S.K.: 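Quick one: the structure is below, and I'll ask about it shortly.
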There are 2 protein chains.
Amino acid sequence: MAEKRTEAKQPEEKKAVLPPKSDFSEWYNELLMMGEIMDVRYPVKGLYVWFPFGFEVRNRTYAIIRELLDKDHKEALFPLLIPETEFMKEAEHIKGFENEVYWVTRGGKNELDVKLALRPTSETAIYPMYKIWVRSHADLPIKIYQIVNTFRYETKHTRPLIRLREITSFKEAHTVHATWDDAAEQVKEAVRIYQEFYRRLAIPTIVSKRPDWDKFPGADYTMAVDTLMPDNKTLQIGTAHHLGSNFAKTFDIKYEDLNGEQQYAHQTCYGISERSIAALISIHGDNKGLVFPPEVAPIQVVIIPILFGKSEEITSACRAVAERLKAEGIRTVLDESDERPGAKYYKWEMKGVPLRVEIGPRDLKNNAAMVVRRDSGAKETVPVDNITEEIKTRFEIIRKSLFEKAEISLKERIFDCKTLEEVKDKLSNGIARIPWCGERECGLAMENEVGAGILGVPEGELGRGAGSCPICGKNTGNMAIMAKTY
Amino acid sequence: MAEKRTEAKQPEEKKAVLPPKSDFSEWYNELLMMGEIMDVRYPVKGLYVWFPFGFEVRNRTYAIIRELLDKDHKEALFPLLIPETEFMKEAEHIKGFENEVYWVTRGGKNELDVKLALRPTSETAIYPMYKIWVRSHADLPIKIYQIVNTFRYETKHTRPLIRLREITSFKEAHTVHATWDDAAEQVKEAVRIYQEFYRRLAIPTIVSKRPDWDKFPGADYTMAVDTLMPDNKTLQIGTAHHLGSNFAKTFDIKYEDLNGEQQYAHQTCYGISERSIAALISIHGDNKGLVFPPEVAPIQVVIIPILFGKSEEITSACRAVAERLKAEGIRTVLDESDERPGAKYYKWEMKGVPLRVEIGPRDLKNNAAMVVRRDSGAKETVPVDNITEEIKTRFEIIRKSLFEKAEISLKERIFDCKTLEEVKDKLSNGIARIPWCGERECGLAMENEVGAGILGVPEGELGRGAGSCPICGKNTGNMAIMAKTY
């Protein structure tokens, strides 16, 4: 079905053409349809349908998150519906979410006695259980995650995978620790896991501590993972929050320590959503369509026979290669359809198949095959006898190459600025880096002046430098980054 | 965390004891907690929390469904929220669900213009998309499924995994075909898939065509898969519905046939929920706790060193066996804790681990190990050199043995009856089988007289016989089954 759909959907229109990536917003929306990632025609704003092809990308991407977390987390599942009584316990948290919560008020023909919130995030669903589960220091740490649908009543412009009313694939982890320091270590660990995850997807990231006024409602602090999209706006693609004992006090989560004393627990939570897929598609895709790192590509290799007239030899050579690749677990399609090779190239390039294998008469004679990379277009002739190895080697080369290209593109779009005028000037081209003393007043003044947000002081070299705060003039070694954000 | 929880949960009570299985309802509820399947203490009626251990059982079970469906279905994902305008289109369907739908009426502080239903099932979410996707006979058949949370505002007594307000794991497939006959074939195929699924879980089933008055709202007919629970009530654990072109007409799903004519499509849908896990736990479990077929057991083998004093040789022999089993992909735990062997037996029996391996001094001398089956308690000494093969062989033996035992137990509880008095008499012991002419009036009169439902005329020999309808007295070859149901 999936492949037929594209053609079926516009019977009276001419064939859809993908806009150039330089028109990012149009390119993105059209690519989601033409690449069969999401159908945007569901009759409610901000809700979308995952096509089977897109859902497979989603599943392969989330399999990486699961693999990374399962080393020392456990997956569980908590209810979607949160009673108002629990939801309203944490004051900061309510303030942060009250304008975007969907409320179930009716069941059948009855008004509910207690309204039920659709989780916008699950602290208030999970922590009443943690109150029961945590008794002793020996119960700690607890590291649990779930992958669930969450809901936000977005009044802003919605956008598939990025700003949604149903976030279909929210991976949220919730940990409990004895001490504040243990929780701080876990936040670091979460950031390490997310960086590893995005390395696997060949997506470069910047990690920053969010300014205090932009942290998660109810948290001590928030670490955020951002990437830079092709339209030069940053996309927040992961966050890790140190919750201190704020929620523990609200939900009465206590443990008995080694001395027999009752202590409040310390908590963290960290999340990733299908924005990870938005970044994957946006950063690697090009004017021809989707480009995937092989690990998450639903189809990794397409084999195309190059026939002049009929040739049973070429067909059977292609089939033999397909069988060998499949036997090695490589997700392979042999395209024996009657279309011209050019039409086949177009189709499988749109779908982001990392490698195309062509076998024509001359290749057959040489017992060779042409291997074409989707990401670079590079063509190489390889011996058929080694084709499995040749392909596996290229998979890792492709991921690395995508990552390097994306890293260079990110670095090229970070601009060192000394004044807020310069920042304003650079924001439409990418990220501005500017000294900031770290004071709240100065930060807010900077944001106000520039009309864009401070993402924070990034980890590593990016956050260090020398200069003077553009507001108070104080010398500082901290560099903040500012950007237009999604 | 998971294992610690059981002890932690009742700090002031004495250790929980599992009631005997003969007190089924108490046994079931307590086993869900002690076996760490579900926590029933979430503060909303009918909503429950999957413990990590239970969630792993759930995932392994659903992996089987996915494996069976993925042969010719595609997995996709449609939104949870259905606008009232779509939901209210199919008259029969509304009637069937209007009393149990949850409605979202508020977003943030605003009343919504169009109320949103939480899907009780997804016909009305999916078919507006099928209207767009289906154009030509070449698009058909479409076979798509999703695994999602669905919601029912249950006013009856709720019960974990069985009668829920959030069905967390509803697998629903929705297919589109050119002809009524193609759809009928697909219903048969769905039933075959479900029977294969339940064979893998060692759960015996009865397949019946539901009486007309008990079919899915909006369907031409409904095939149902039932099993018999330990308390002699039947549990519906799968259904497949022939939707004819009823929904196609409502949602305007048409295709162009070979002659260029517009035709209404024909549809089916079929579902399985976490009731499959309820059956799995209830049918195989015993007075000692959970019993799992190895395929879905989170832990397949536990190794327990039998030490008299310290013995490094025994410990290292156990570790070597554990490594070998793990290397073969067998989910193995080596229990080196300080507890007595008896306490370890108790703990792992509760968790349903299919095989226990013990190595003590005498075994060590003989280069042997004792292998104990969870299901039967049978003990056998096997040579350590072949232990991987010995264990793998037993896995399939255990599944077959569980299936045979459950099939016998089911057959023993089906009673041939000639009169409705007999039926009434037998219903607390199981399923009553009685001639039925097939007429609606007689069927309703039988149900009324007996105070229990007709499941239908089962497929195969069970549904054939000879006798006379207890209401009209007509001779018939059809046997209906009646039972108390969940």
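First the proteins, then the strands, lettered A, B, ... as listed; each starts at 1. The structure presented is a predicted model; accordingly, all values stated were derived computationally and were not measured.
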S.K.: Indicate, with yes or no, if the rings of B/Phe247 and B/Tyr127 have centres closer together than 6.0 Å.
M.R.: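 Under 6.0 Å, so yes.
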
S.K.: Nearest 0.5 Å, please: how far is CZ in B/Arg58 from CD1 in B/Ile37?
M.R.: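 Separation between the atoms: 13.0 Å.
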
S.K.: Of the backbone (N, CA, C, O) and the side chain (C-beta and beyond), which part of B/Ala125 lies under 4.5 Å from a heavy atom of chain A, both, or neither?
M.R.: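 Answer is both: backbone and side chain atoms of B/Ala125 are under 4.5 Å from chain A.
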
S.K.: Among the options A/Asn110, A/Val114, A/Ile126, pick out the one with the most heavy-atom pairs lying under 4.5 Å from chain B.
M.R.: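 Ranked by heavy-atom pairs under 4.5 Å with chain B, first place is A/Asn110.
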
S.K.: Can you pull out the residues in residues 153-166 of chain A with any heavy atom less than 4.5 Å from chain B?
M.R.: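 So far as heavy atoms go, A/Tyr153, A/Glu166 are the residues that approach chain B to under 4.5 Å.
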
S.K.: Any idea which of A/Leu47, A/Val49, A/Val176 has the most non-hydrogen atom pairs under 4.5 angstrom with chain B?
M.R.: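 The answer is A/Val49.
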
S.K.: Does the ring of A/Tyr145 carry A/Lys74 above it, NZ/CZ under 6.0 angstrom from centre and within 45° of its axis?
M.R.: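 No cation-pi geometry.
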
S.K.: Would you find a donor on one side and an acceptor on the other, under 3.5 Å apart, between the side chain of B/Asp70 and the backbone of B/Glu67?
M.R.: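 Flag not set: sc B/Asp70 to bb B/Glu67 has no pair under 3.5 Å.
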
S.K.: Is NZ or CZ of A/Lys171 both nearer than 6.0 Å to the six-membered ring centre of A/Tyr62 and within 45° of the ring axis?
M.R.: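 A/Lys171 over A/Tyr62 ring: no.
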
S.K.: Quick check against the 3.5 Å criterion: does A/Glu172 have a side-chain atom that pairs as donor or acceptor with the backbone of A/Ser122?
M.R.: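 Confirmed, A/Glu172 side chain pairs with A/Ser122 backbone.
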
S.K.: With only heavy atoms counted, which part of B/Ile82 is less than 4.5 Å from chain A, the side chain, the backbone, both or neither?
M.R.: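 Both parts, heavy atoms under 4.5 Å.
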
S.K.: Return the option, out of B/Thr168, B/Leu118, B/Leu81, B/Val44, with the maximum number of heavy-atom pairs under 4.5 Å with chain A.
M.R.: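 Heavy-atom pairs under 4.5 Å are most numerous for B/Leu81.
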
S.K.: Identify, with sequence neighbours excluded, every residue that meets side-chain contact (heavy atoms from CB on, under 4.5 Å) alongside A/Asn99.
M.R.: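 Testing A/Asn99 for side-chain contact (heavy atoms from CB on, under 4.5 Å), a comparison that skips the adjacent residues, returns B/Lys109.
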
S.K.: Only one of A/Gln186, A/His174, A/His73 passes side chain to side chain donor-acceptor pair (under 3.5 Å) with A/Lys143; say which it is.
M.R.: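 Exactly one pass, corresponding to A/Gln186.
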
S.K.: Which region of A/Glu86, side chain (C-beta onward) or backbone (N, CA, C, O), has a non-hydrogen atom less than 4.5 Å from a non-hydrogen atom of chain B, or is it both or neither?
M.R.: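 For A/Glu86, the side chain is the part near chain B, not the backbone.
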
S.K.: Go through A/Pro128, A/Ala117, A/Pro43 and name the one with the most non-hydrogen pairs under 4.5 angstrom from chain B.
M.R.: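 Heavy-atom pairs under 4.5 Å are most numerous for A/Pro43.
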
S.K.: Using heavy-atom distances under 4.5 Å, tell me whether B/Phe97 contacts chain A through its side chain, its backbone, both, or neither.
M.R.: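 Neither part.
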
